[in-house]
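For reference, the structure is listed below as structure tokens.
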Amino acid sequence: MKRQVSLLLVLALLLTVCTACSGSQITGDGSASANGSISVADGSGGEEADAAEVEAVLEQFLTGIYTTDDQGRYTTYLAEMEALDSAAGEDSEDSQALLDAAADNYYAGFASLVTEDVYTRLVQNRVPFKYDERYADTPATVEGVALAAQEDGYSYIVTLQIGGKTETRSGELQWAEQDGSILVSSFYEAA
């Protein structure tokens, strides 16, 4: 029953996304555009980004957040922490440098997808680290990402496969264009 409800929610969101894509798109200033592109409020006076390009970046970001040990980040981090533990008792400045480098390596996959502010918040809130830690024994894989355009960004539902069970995560995203790149500028995960 729970799986049927989850699938119905995903289908409803997909219908919303398809309806939004065929009609108007939401601009950075909150107004609608009917030309199939999304206007970016980046101060450049009207540059536009393709909706498919924006959604591809958002999907890549969400897949990275919710996929356990995506690209081996958690496995590498644990190995670096083990090496740091082995070097215990050495210079504390060196230990701090190694700890900082391990954290930087762990989050490196997100650096090109997010603004500096979002990057800082991911690190501070231990996202996606908390998922890697929680699902280390029963990995979570992303089965699908559904995005729906809203007035000031996108809502999302991510469907996960965890130990043979289907679960969903949802929230909201905003994006911005910086130096010609589409970046996640806000990430909110519903409780």
Side-chain angles (χ1 to χ4, degrees), residues 28 40-44 47 49 52-145 147 153-163 165 167-191:
V40 180
D42 64 357
S44 66
E47 291 205 22
E53 181 182 358
V54 171
E55 291 173 5
V57 170
L58 299 179
E59 186 172 334
Q60 182 181 359
F61 170 77
L62 291 168
T63 299
I65 291 290
Y66 293 110
T67 300
T68 303
D69 199 20
D70 190 40
Q71 299 178 21
R73 68 177 174 230
Y74 189 63
T75 303
T76 301
Y77 178 80
L78 292 177
E80 289 173 345
M81 290 297 97
E82 188 174 307
L84 186 60
D85 286 343
S86 297
E90 293 182 17
D91 186 5
S92 64
E93 279 186 31
D94 289 341
S95 295
Q96 186 60 47
L98 291 172
L99 187 60
D100 291 344
D104 287 344
N105 290 340
Y106 181 84
Y107 287 98
F110 294 103
S112 66
L113 299 174
V114 300
T115 61
E116 189 174 321
D117 184 48
V118 171
Y119 183 86
T120 299
R121 289 183 181 163
L122 289 175
V123 173
Q124 288 173 344
N125 295 323
R126 300 179 63 231
V127 177
F129 189 84
K130 65 183 178 181
Y131 291 111
D132 284 341
E133 195 171 43
R134 181 185 305 160
Y135 299 116
D137 295 328
T138 309
T141 57
V142 173
E143 293 292 310
V145 175
L147 297 166
Y154 284 83
S155 63
Y156 71 86
I157 294 178
V158 175
T159 305
L160 302 171
Q161 218 27 254
I162 304 170
K165 296 180 182 179
E167 292 187 23
T168 60
R169 303 288 185 268
S170 62
E172 296 177 359
L173 297 164
Q174 292 179 341
W175 60 276
E177 187 175 84
Q178 290 181 356
D179 299 325
S181 297
I182 303 298
L183 302 174
V184 174
S185 61
S186 176
F187 170 61
Y188 168 75
E189 181 179 38

* **Enclosure of D137 CG (heavy-atom neighbours >12, cutoff 6.0 Å)** => no
* Just how far is it from atom CD of E53 to atom OG of S181, taken to the nearest 0.5 Å? -> 8.5 Å
* Closest approach of A102 to M81 (non-hydrogen atoms, all atoms of both residues) -> CB-CE, 3.4 Å
* Asked: Side chains of D132 and Y106: donor-acceptor distance under 3.5 Å anywhere?
  -> yes
* **Nearest-0.5 Å distance that lies between atom CH2 in W175 and atom CD1 in I182** => 5.0 Å
* Y119: partners by ring pair (Phe, Tyr, Trp, His ring centres under 6.0 Å), with sequence neighbours left out -> none
* For the residue pair F110 and Y107, does the interplanar ring angle fall in the parallel (under 30°), tilted (30 to 60°) or perpendicular (over 60°) class? -> tilted
* Asked: Are any side-chain N or O atoms of R121 and backbone N or O atoms of F187, one a donor and one an acceptor, separated by less than 3.5 Å?
  -> no
* Considering all heavy atoms, the nearest S112-G109 contact -> OG-O, 4.4 Å
* From CD (Q174) to CG (L58), nearest 0.5 Å -> 10.5 Å
* Taking side chain to side chain donor-acceptor pair (under 3.5 Å) as the test, write out the residues that go with E80, two or more places apart. => N105
* To do: Look at atom CD of E133 and say whether more than 12 heavy atoms of other residues, nucleotides or ligands are closer to it than 6.0 Å.
  => yes
* Show the numbers, then the answer: is there a side chain to side chain contact (heavy atoms under 4.5 Å, CB included) between L78 and E82? => CA-CA 6 Å; L78 292 177; E82 188 174 307; over 6 Å; no
* To do: Might you point out which heavy atoms bring V118 and V184 nearest each other, and give the distance in Å?
  => CG2-O, 3.5 Å
* Structure fact -> Rounded to the nearest 0.5 angstrom, the OG1-CG distance for T115 and L183 is 6.5 Å
* Which pair of non-hydrogen atoms, one from G64 and one from R73, has the smallest distance, and what is that distance? -> O-NH1, 2.7 Å
* What side chain to side chain donor-acceptor pair (under 3.5 Å) pairs are there with at least one residue in residues 60-72, not counting sequence neighbours? -> Y66-Y156, Y66-E189, D69-T75
* **Nearest heavy atoms of S170 and I157, plus distance in Å** => CB-CG1, 4.2 Å
* To do: Mind checking the CG-CD spacing from L173 to E59? Nearest 0.5 Å is all I need.
  => 11.5 Å
* Rounded distance [0.5 Å steps], CD in E167 versus OH in Y135 -> 4.5 Å
* Should I65 and L122 be marked as a side chain to side chain contact (heavy atoms under 4.5 Å, CB included) after you check the CA-CA gap, both sets of side-chain angles, and the distance that decides it? -> CA-CA 10 Å; I65 291 290; L122 289 175; 3.9 Å; yes
